[in-house]
Number of protein chains: 2
Amino acid sequence: MAKQNTVFKDAFNRCLKLLAETSSLPSEPELGTALGVSRTTVRAILTRMEELQLLAWDKRAKVVLRQPKPEDYYPAEETDSLSDIIERSFMRRILAGGAEPGMQINELELARDIGTGTTSVREFLIRFSRFGLIEKRPNSHWILKGFTREFALELTEVREMFELRSAASFAALAPDHPAWADLDRIETLHHEILADIDNRYKEFSELDERFHLLVHTSSSNRFIVDFYDIITIVFHYHYQWNKTNARERNARALEEHLDYIAALRSRDPARIETACRRHLKSARETLLQSIQ
Amino acid sequence: MAKQNTVFKDAFNRCLKLLAETSSLPSEPELGTALGVSRTTVRAILTRMEELQLLAWDKRAKVVLRQPKPEDYYPAEETDSLSDIIERSFMRRILAGGAEPGMQINELELARDIGTGTTSVREFLIRFSRFGLIEKRPNSHWILKGFTREFALELTEVREMFELRSAASFAALAPDHPAWADLDRIETLHHEILADIDNRYKEFSELDERFHLLVHTSSSNRFIVDFYDIITIVFHYHYQWNKTNARERNARALEEHLDYIAALRSRDPARIETACRRHLKSARETLLQSIQ
DNA sequence: AAACTGTCTATTGTGGATAAAAGACAAAAT
DNA sequence: ATTTTGTCTTTTATCCACAATAGACAGTTT
């Protein structure tokens with residue numbers, strides 16, 4: 001099959017939720033904007049809803065006939081884009097399955113393993129190569145450089161340089177800059193999670209990403225912001241497969257964040273640098289610990 | 001045609017030069033190593049040389065029969081890899097041909113223009129996207145972000161951070177580290193070019209790349225070294241299409257380099273920082289001037 | 001007049017096919 | 001005992017085809 005209709009299926013599922021909340025759906029362009037898809041896909045969704053007797057559709061009239069049932073939804077496995085599937089599958093192989101540095105990566109084998117064409121695997125590897133974990137031998141295989149101690153040290157070195165600079169420029173943002181409001185919301189969430197840490201410590205990972213991305217974004221430098229993608233992917237997969245002491249680690253990091261946030265709000269460069277350094281140091285230690 | 005045999009043609013041309021210098025060629029594996037290709041390609045080369053009556057080949061005996069003539073070589077256009085062709089073609093479009101920021105980039109149109117398949121163009125764009133000049137809309141076109149003043153400022157900001165740090169770590173290299181010998185050779189070349197600047201100023205661009213790459217490499221950080229690719233490609237194409245005052249600019253940069261090299265050799269952190277900053281500042285100004 | 005729908009075209013994402021190139025292995029030569 | 005060669009298999013680089021998706025335009029509705 002040439003292309004999976006995952007965009008359609010995913011948008012259809014999201015549209016079912018919209019449908020559950022009203023008695024009639026809006027115009028096609030409006031739905032397209034709401035779902036982030038083209039009118040072509042919107043019309044495919046409406047057609048399908050008509051088939052399922054969910055909707056009476058005649059030109060502008062889109063009357064909801066009944067509430068969606070669980071079986072109306074497409075299963076979650078079918079809504080993942082191919083590149084997500086490849087990414088997960090690849091990360092599992094190299095992070096979870098003890099892959100040795102120096103190992104060869106074979107496009108064809110990977111594609112057969114995942115059950116997909118070589119083109120998609122190849123494109124994934126090219127995109128992924130910017131993370132510095134693999135390297136291409138032209139006309140030949142890829143080499144896995146490995147999630148090693150050196151990798152973590154190099155990554156955190158750059159991260160610290162970038163974040164210190166971003167934090168400094170955060171303090172220089174105008175008082176009415178929207179980032180301050182974002183910071184407020186993030187701080188509130190920190191307090192909420194800390195108050196119920198035993199049950200909610202798992203929410204830290206996502207909040208951590210949101211906070212640091214906000215700081216990096218204030219650098220207004222695309223290279224700094226883009227670099228944060230590497231941090232994100234490393235920490236994302238890393239947290240998934242290393243859950244020792246997660247509760248304590250996350251509680252400590254949340255406290256450090258609060259200190260860091262207070263420093264940002266003080267706009268005092270020295271205080272910001274101290275708080276930022278302290279947090280980055282412990283983040284680095286956490287990462288290094290889990291590697292060996 | 002599935003794949004162009006540019007590897008073969010390029011290696012064949014290089015092998016002709018080896019052949020011109022001896023009366024018999026070495027073993028197949030040895031030739032493979034010398035040319036950086038596999039034995040399969042070496043054997044294709046030997047076969048072709050036999051056809052052209054350049055070589056009498058029987059197992060280990062590879063006796064040179066005559067000197068290569070100009071018409072024995074494959075034309076230079078046929079030895080460029082497809083990705084190089086796409087890169088050049090694309091860079092000409094976006095740097096030379098006044099491409100507006102925000103412009104859409106169309107894979108199919110680009111492919112037709114260059115006379116190649118869409119897959120190769122697509123892979124090029126994915127690889128190229130890490131340079132921050134283009135951005136993908138999923139399921140849709142690419143957007144050209146443009147070689148703008150902001151781009152140059154963001155690029156140089158990171159460059160300066162990275163180079164200052166690399167220069168500092170350069171001073172910390174052991175006295176017998178090979179980088180010091182490389183630095184000597186580079187310094188000598190600077191003096192040679194300066195002594196005959198009117199004729200040789202065009203050699204600066206390549207020397208500049210070599211010098212800064214050497215400095216960046218001493219950081220031992222793959223992210224810092226990889227980032228230098230962006231600098232390289234920007235300056236490479238930039239110099240090609242902006243030749244105003246090249247002689248004066250290059251002479252000045254060479255002097256700055258010599259000062260910078262002397263500072264590195266002094267191992268005095270403060271002096272290194274001063275020299276490095278001064279040179280980076282003027283490099284930034286040169287780049288910015290040429291943008292507007 | 002502005003927004004919406006019907007219809008049609010163009011482009012992207014992905015699998016499959018194929019020549020070029022890499023590389024494995026055993027037999028042969030030094 | 002290495003190294004080299006002959007032969008064969010596997011993988012990569014590239015083109016092409018086609019379904020999914022985006023997007024353009026004219027006619028229709030409010």
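Keep in mind the model is a prediction, meaning the values are calculated, not measured. All values below come from the heavy atoms of this structure, side chains included, with hydrogens, waters and symmetry mates left out. Convention: sequence-line order gives letters A, B, ...; per-chain numbering from 1.
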For the pair made of [atom1] in [X] and [atom2] in [N], what is the distance, rounded to whole Å?
X         : N       : atom1 : atom2 : answer
Gln4(B)   : dA20(C) : CD    : C1'   : 10 Å
Arg127(A) : dT14(C) : CZ    : C1'   : 12 Å
Glu135(A) : dT12(D) : CD    : P     : 16 Å
Trp57(A)  : dT5(C)  : CH2   : P     : 8 Å
Arg39(B)  : dT3(D)  : CZ    : P     : 15 Å
Glu123(A) : dT12(D) : CD    : P     : 15 Å
Leu108(A) : dT14(D) : CG    : C1'   : 15 Å

Does a side-chain N-to-carboxylate-O contact under 4.0 Å join [X] and [Y]?
X         : Y         : value
Arg48(A)  : Glu51(A)  : yes
Asp226(A) : Arg130(A) : no
Arg93(A)  : Glu109(A) : yes

Reckon [X] has a side-chain N or O less than 4.0 Å from the OP1 or OP2 of [N]?
X         : N       : answer
Asn139(A) : dT12(D) : no
Asn106(B) : dT12(C) : yes
Thr118(B) : dC15(D) : no
Ser120(B) : dA13(D) : no
Arg43(A)  : dG6(C)  : yes
Thr41(B)  : dA20(C) : no
Ser27(B)  : dT4(D)  : yes
Lys136(B) : dG13(C) : yes
His141(B) : dA10(C) : no

- Parallel under 30°, tilted from 30 to 60°, perpendicular over 60°: which one fits the rings of Phe128(A) and Phe124(A)?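 Taking Phe124(A) first and then Phe128(A), their aromatic rings lie parallel (interplane angle under 30°).
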
- Item | Position toward the 5' end of DNA chain D (nearest nucleotide), Lys62(B) or Val37(A) |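 Per heavy-atom nearest nucleotide, the more 5' residue is Lys62(B).
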
- Item | Which residue lies more 5' along DNA chain D, comparing Thr119(A) with Glu30(B) via nearest heavy atoms |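 Its nearest nucleotide lies further toward 5', so the answer is Glu30(B).
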
How is [X] classified with respect to the nucleic acid when contacts are heavy atoms under 4.0 Å: base, sugar-phosphate, or nothing?
X         : answer
Ser140(A) : sugar-phosphate
Arg112(A) : sugar-phosphate
Glu109(A) : nothing
Thr40(A)  : base
Thr116(B) : sugar-phosphate

Nearest to the [X] side chain among [options], which nucleotide is it?
X        : options                  : result
Ala2(A)  : dC18(D), dA29(C), dA3(C) : dC18(D)
Pro29(B) : dT4(D), dT11(D), dG6(C)  : dT4(D)
Leu82(B) : dT5(C), dC15(D), dC18(D) : dC15(D)
Lys3(A)  : dA19(D), dT14(D), dT3(D) : dA19(D)

- Atom CD1 in Ile224(B), atom CD in Glu154(A): separation rounded to 0.5 Å?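 Answer for the CD1-CD pair, Ile224(B) versus Glu154(A), is 8.5 Å.
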
- Item | Closest-nucleotide ordering on DNA chain C, the 5'-leading residue of Val7(B) and Arg60(B) |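 Here Val7(B) is the residue nearer the 5' end.
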
- Take Phe8(B) and Tyr74(B) through the ring-ring contact (aromatic ring centres under 6.0 Å, His included) test and state the conclusion after the steps. CA-CA 10 Å; Phe8(B) 159 73; Tyr74(B) 285 101; 5.8 Å; yes

- Item | Qualifying residue, where the test is ring pair (Phe, Tyr, Trp, His ring centres under 6.0 Å) with His216(A) and the options are Phe162(A), Tyr228(A), Phe227(A), Phe223(A) |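 Checked Phe162(A), Tyr228(A), Phe227(A), Phe223(A) against His216(A); only one passes ring pair (Phe, Tyr, Trp, His ring centres under 6.0 Å): Tyr228(A).
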
